[in-house]
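Presented below is the structure to which this report refers.
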Amino acid sequence: MRIRFGYVSHALSLYEATPAKTMTFARYQKLDPDTQVQELERITERNLQNTIRNLHFNVAHELPLYRFSSSIAPLATHDEVPWDYITPFQSLYEEIGSIVRRHRLRTSFHPNQFTLFTSDKPHVTANAVKDLEYHYAMLQAMDLHEESHINIHVGGAYGDKEKAVARFHENLKQLPEPIKKQLTLENDDKTYTTTETLEVCEKEAIPMMFDYHHYMANHTEEESLETLLPRFFKTWDHMPVPPKIHISSPKNEKEYRSHAGSVDLDFIRPLLKELKSQGEPVDFMIEAKDKDHAVLKLIEDIAGIRGAKRVAGGEIEY
DNA sequence: ACGCGTCAAGTACTC
DNA sequence: GAGTACTTGACGCGT
């Protein structure tokens, strides 16, 4: 089995490299109207430049996976802040796309928890569509809109999961088809278990994003890795990329669902064992507080397991 | 330099 | 119905 690795948005080793510098609406309103858009543009340009710096970090460390920040363009989907977050930065978006293609990186977006399709309130669904259109527009500007995935959760339960899932399928029709093609759906740590998420994925032909930490926090006795993983793999059949798994470990017993700074090798051992027996290549997106530090450490830890061998900076054969 | 409250958005829970 | 927690990083403000 081959495992490739990556981290979320910001390599902390780099000096002042956040790709998520932001501006709140409250702050925006306090600005002189003449400088409002100028300020948004200044922040966005910096976020795109920092995205490029982070991609160079990936290339130098041979880490094939990278998740773009969702906060590249502040207030991009805010009703009262209509501004063009694409055209002024076209060449920066293109540069990002060309780095990604040249080095065969695998990139993605992960919009926040407000982007969901289970709500019974029409404006919530409308906002979800708008938010996904924002992410997709950036991918288009990078010319990565046919390869990069946008990952979201199923959503809320509202006291009746069956009805909520029915609404998910209904509301999802409002999402333009090209955007829907780039979606992945992730099992969450409180509401939708892996099986429930798989059912939605299978119905919609959407690949599933398996989060192992969420699985550990939210699964039933019937849900064994042994039975779930083949079904999870199947949602990625006919995809040009391997199934992707989110990896993190609990902060502590009491705050089990919170992410720890690094990834505890013992916590993910059962997953590694099961993946090894499946034998298929997989990609690991590491979601630890220490970001790049945690990835590089985990790679060394896994490479230290008997039978495992590092074949690149961010790639292990096991 | 450092700590603390705030932030556009939603849901779940308590009262 | 109103209020708070959840949860993330970044930011502005007060000290």
Side-chain angles (χ1 to χ4, degrees), chain A residues 7-12 14-32 35-36 39-40 42-51 54 67-83 85 109-135 150-161 163-165 167-168 171 186-193 196 211 213-214 217-218 246 248 250-252 254-261 285-294:
Chain A
Y7 63 96
V8 178
S9 303
H10 184 182
L12 301 177
L14 298 174
Y15 172 73
E16 287 189 8
T18 177
K21 188 175 160 62
T22 190
M23 181 173 7
T24 63
F25 185 56
R27 178 94 196 100
Y28 171 87
Q29 282 177 306
K30 285 180 194 152
L31 292 177
D32 180 339
T35 65
Q36 284 174 326
E39 195 59 12
L40 289 171
R42 206 181 51 79
I43 292 170
T44 302
E45 181 169 5
R46 189 71 190 133
N47 286 340
L48 288 167
Q49 281 165 342
N50 280 341
T51 297
N54 280 289
R67 181 192 299 169
F68 293 120
S69 163
S70 281
S71 310
I72 287 175
L75 303 175
T77 60
H78 197 288
D79 274 342
E80 295 170 61
V81 188
W83 68 288
Y85 52 85
F109 271 119
H110 191 354
N112 68 26
Q113 75 269 27
F114 305 123
T115 306
L116 48 96
F117 287 91
T118 44
S119 180
D120 54 355
K121 301 186 207 59
H123 82 272
V124 173
T125 305
N127 283 343
V129 171
K130 193 173 180 185
D131 191 59
L132 289 171
E133 282 171 340
Y134 153 69
H135 287 89
I150 306 176
N151 179 55
I152 60 173
H153 293 274
V154 178
Y158 315 82
D160 188 336
K161 274 190 197 176
K163 277 190 186 147
V165 166
R167 268 200 308 274
F168 176 96
N171 289 338
E186 177 180 344
N187 59 306
D188 70 70
D189 55 358
K190 279 205 294 212
T191 311
Y192 292 97
T193 66
E196 290 164 339
D211 188 309
H213 186 178
H214 291 171
N218 181 24
H246 287 177
S248 58
K251 192 171 175 185
N252 52 53
K254 209 171 152 59
E255 298 165 277
Y256 190 85
R257 300 195 328 266
S258 297
H259 293 193
M285 174 53 75
I286 310 305
E287 295 181 324
K289 293 261 186 254
D290 298 343
K291 311 239 171 188
D292 49 313
H293 301 298

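By convention in this document, chain letters (A, B, ...) are assigned in the order of the sequence lines, proteins followed by strands, and residues within each chain are numbered from 1. These numbers come from a predicted model, not from an experiment.
When rounded to the nearest whole Å, the span between NE2 of H259(A) and C1' of dG9(C) equals 14 Å. A straight line from CZ of F114(A) to P of dA8(B) spans 11 Å, rounded to a whole angstrom. For the pair H110(A) NE2 and dG9(C) C1', the interatomic distance rounds to 15 Å; values are reported in whole Å. One can place CG of N218(A) at 14 Å from C1' of dA12(B), the figure rounded to the nearest angstrom. One atom, CG of D160(A), and another, C1' of dA12(B), lie 15 Å apart when rounded to the nearest Å. Atom CG in N112(A) sits roughly 13 Å away from atom P in dG9(C) (whole-Å rounding). When the C1' atom of dA12(B) is taken as reference, atom CG of D188(A) falls 13 Å away, rounded to whole Å. In this structure, F168(A) atom CZ and dT11(B) atom C1' are separated by 16 Å, rounded to whole Å.
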- [ ] For nucleotides 10-15 of chain C, just jot down a letter per nucleotide in 5' to 3' order: B, S or -, based on protein non-hydrogen atoms under 4.0 Å.
- [x] SSS---
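Checked against the 6.0 Å centroid criterion, the rings of H213(A) and H246(A) do not qualify as a close aromatic pair.
Of the side-chain N and O atoms in Y158(A), none sit less than 4.0 angstrom from OP1 or OP2 of dA12(B). For the pair H123(A) and dG10(B), the criterion of a side-chain N or O lying under 4.0 Å from OP1 or OP2 is met.
Classified by interplanar angle (parallel below 30°, tilted 30° to 60°, perpendicular above 60°), the ring pair H259(A)/H214(A) is tilted.
At a threshold of 4.0 angstrom between heavy atoms, the contacts of L75(A) include nucleobase atoms, whether or not backbone atoms are also involved.
In this structure N252(A) satisfies the side chain to side chain donor-acceptor pair (under 3.5 Å) test together with E255(A), sequence neighbours excluded. Listed by chain and residue number, A157(A), K161(A), D188(A) satisfy the side chain to side chain contact (heavy atoms under 4.5 Å, CB included) test with T191(A) (two or more places apart in sequence, or in another chain).
L40(A) is listed as a side-chain neighbour of V81(A), based on a closest heavy-atom distance under 4.5 Å. A heavy-atom distance below 4.5 Å is found between the side chains of E80(A) and F25(A).
Taking the charged nitrogens against the carboxylate oxygens, E39(A) and R42(A) do have a contact shorter than 4.0 Å, which makes a salt bridge.
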Using residues 68-75 of chain A as the side-chain source, report each donor-acceptor pair under 3.5 Å to any protein atom, sequence neighbours left out, with the distance given to one decimal.
unit_1: S69(A); atom_1: OG; unit_2: S71(A); atom_2: N; d: 2.9
unit_1: S70(A); atom_1: OG; unit_2: H110(A); atom_2: O; d: 3.4
unit_1: S70(A); atom_1: OG; unit_2: H135(A); atom_2: NE2; d: 2.8

Task: Dot-bracket line, read 5' to 3' along DNA chain B, where crossing pairs take [ ] and | marks a partner on another strand, Watson-Crick or G-U under 3.5 Å - done: |||||||..||||||
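Between the side chain of T77(A) and the base of dA8(B) there is at least one donor-acceptor pair of N/O atoms closer than 3.5 Å.
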What protein N or O atoms touch nucleotides 4-7 of chain C N or O atoms at under 3.5 angstrom, if any, and at what distances?
unit_1: dT7(C); atom_1: OP1; unit_2: R257(A); atom_2: NH2; d: 2.9

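For the 3.5 Å distance criterion, the side chains of T115(A) and D131(A) qualify, holding a donor opposite an acceptor.
Counting heavy-atom neighbours within 6.0 Å of K130(A) NZ, excluding the residue itself, gives a total above 12.
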- [ ] Starting from the C-alpha separation in whole Å, work towards a yes-or-no answer on side chain to side chain contact (heavy atoms under 4.5 Å, CB included) for L132(A) and F117(A).
- [x] CA-CA 11 Å; L132(A) 289 171; F117(A) 287 91; 3.5 Å; yes
